Amino acid sequence: MSRQPLVAGNWKMHKTVAESEAFIQGLLPRLTTADNVDVVICPPFTSLEAMVDSTRGSRVEVYAQNMHEEGSGAFTGEISAAMLSELDVHGVILGHSERRAYFGETDEALSNKVVAALEAGLAPMLCVGETDEEREAGTTEDRLRIQITEGLSRIDDAQLASVAIAYEPVWAIGTGKVATSEQAQEACAFIRSLIAERSEEAAAAVRILYGGSAKPDNAAELLALADCDGLLIGGASLDPESFGDMVAAG
Ligand code: PEP
């Protein structure tokens with residue numbers, strides 16, 4: 001089965017609305033090639049509405065960087081799935097390692113977030129990945145198995161392929177230390193095998209992305225890996241030229 005590559009930019013806590021507008025005006029004219037690649041930007045909450053408006057009619061989809069699992073309630077500072085879909089946001093990143101590390105995001109909460117996102121019509125992108133210590137200790141696959149099994153535990157097999165998985169080794173995020181092709185392929189293939197334990201059909205269709213210090217000069221090599229169907233990009237997605245080059249590599 002052929003899987004359409006997905007190249008996504010995670011802006012983290014960068015860009016005001018004005019800066020987001022400047023980015024998108026710089027990016028859109030660069031998206032003249034490779035319309036066989038899905039292009040996603042993940043701005044901060046404050047820029048979501050402006051980016052949905054500015055990308056309407058283009059091939060760029062807008063994802064949020066997080067959401068709460070409950071529909072509403074006393075959760076100061078949080079945002080629900082319905083609030084995102086009301087803005088016409090297309091999807092949402094769930095379980096980024098920064099959210100897991102700094103905001104105590106658990107696999108249990110993520111399993112509920114995946115359900116809430118799908119129920120609201122949002123495309124979830126579930127992030128998983130091992131720490132440096134786990135890789136050194138040889139427990140990478142144990143960590144990935146827990147994150148995938150628990151994160152996807154509350155959805156049916158028929159929904160598995162609606163979730164994109166981003167394999168992001170924590171030691172590679174924002175460090176300039178990209179995984180080797182062998183490491184990235186091995187982990188992406190392992191994740192696909194975990195999905196196959198539930199459904200061979202879903203495993204063939206599910207998109208698995210690599211994230212961690214991906215740059216224009218290593219994008220093509222990563223995107224050529226058999227089990228890597230896209231990139232989740234942090235730092236290199238903040239500049240329209242560099243992000244546009246990485247889309248063109250897809
Ligand atoms: C990320 O934040 O998801 C990421 C991959 O960051 P960077 O590309 O900067 O390593």
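Just so it is clear, the model here is predicted, and its values are computed rather than measured.
Using a 4.5 Å cut-off on side-chain heavy atoms (C-beta onward), Pro43 and Met51 make contact. Counting heavy atoms from C-beta outward, Val163 and Gln159 have side chains that stay 4.5 Å or more apart. Contact check for Trp171 versus Glu133: no side-chain heavy atoms found under the 4.5 Å cut-off. Taking 4.5 Å as the limit, some side-chain heavy atom of Ile79 sits within range of a side-chain heavy atom of Phe45. Residues Asp132 and Val170 form no side-chain contact, since every pair of their non-hydrogen atoms from C-beta on lies 4.5 Å or further apart. Contact check for Arg56 versus Asp88: side-chain heavy atoms found under the 4.5 Å cut-off. Two residues are said to be in side-chain contact when any heavy atoms from C-beta on lie closer than 4.5 Å; Val40 and Val62 fail this criterion.
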- For the pair Lys15 and Leu238, evaluate side-chain contact (heavy atoms from CB on, under 4.5 Å) and give the outcome as yes or no after the intermediate values. CA-CA 8 Å; Lys15 298 196 189 294; Leu238 293 172; 4.0 Å; yes

- Task: Given side-chain contact (heavy atoms from CB on, under 4.5 Å), test Leu87 with Met83 step by step and report yes or no.
- Result: CA-CA 7 Å; Leu87 295 183; Met83 293 170 188; over 6 Å; no

- Task: Show your reasoning for whether side-chain contact (heavy atoms from CB on, under 4.5 Å) applies to Arg198 and Leu152.
- Result: CA-CA 10 Å; Arg198 288 183 54 181; Leu152 301 177; 4.0 Å; yes

- Item | Test side-chain contact (heavy atoms from CB on, under 4.5 Å) applied to Thr106 and Arg100, step by step | CA-CA 7 Å; Thr106 63; Arg100 292 176 186 263; over 6 Å; no

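In summary, Arg154 and Glu69 do not engage in a salt bridge, as defined by a charged side-chain N under 4.0 Å from a carboxylate O. Salt bridge absent: Asp245 and Arg30 never bring a charged side-chain N and a carboxylate O closer than 4.0 Å. One finds no salt bridge joining Glu130 and Arg143 here, because no Lys/Arg side-chain nitrogen approaches an Asp/Glu carboxylate oxygen to under 4.0 Å. For Arg192 and Asp229, the salt-bridge test passes: some basic side-chain N is under 4.0 Å from an acidic carboxylate O.
Considering OG of Ser181 and CG of Leu225, their distance stands at 5.0 Å, rounded to 0.5 Å. In this structure, the separation between OG1 on Thr140 and CD on Gln183 is 8.5 Å, given to the nearest 0.5 Å.
Using modelled atom types, one side-chain atom of Ser242 and one backbone atom of Ala236 make a donor-acceptor pair closer than 3.5 Å. Between the side chain of Thr175 and the main chain of Ala172, a donor-acceptor pair closer than 3.5 Å is present. Between the Gln185 side chain and the Asp227 main chain, a donor and an acceptor come within less than 3.5 Å of each other. Remark: side-chain polar atoms of Ser111 are not paired, donor with acceptor, to backbone N or O of Gly151 under 3.5 angstrom. Side-chain atoms of Arg59 do not come within 3.5 Å of backbone N or O of Asn36 as any donor-acceptor pair. No donor-acceptor distance shorter than 3.5 angstrom exists from the side chain of Glu168 to the backbone of Val128, with no hydrogens or angles considered. Side-chain atoms of Ser237 come within 3.5 Å of backbone N or O of Gly234 as a donor-acceptor pair.
Under the 4.5 Å side-chain heavy-atom criterion for Ile, Leu, Val, Met, Phe, Trp and Tyr, Leu231 and Val92 are members of the same hydrophobic cluster.
Among Glu197, Glu150, Glu134, the single residue meeting the salt bridge (Lys or Arg N to Asp or Glu O under 4.0 Å) criterion with Arg145 is Glu197. The side chain to side chain contact (heavy atoms under 4.5 Å, CB included) test with Met125 singles out one residue from Leu94, Leu209, Asn10, and that residue is Leu209. Residue Cys127 forms a side chain to side chain contact (heavy atoms under 4.5 Å, CB included) with just one option from Ile165, Ile173, Leu232, and that option is Leu232.
Taking both residues in full, the closest heavy atoms of Ser54 and Ile24 are given as CB-CG2, 3.7 Å, listed atom of the first, atom of the second, then distance.
The aromatic rings of Phe243 and Phe23 sit tilted relative to each other, their planes meeting at an angle between 30° and 60°.
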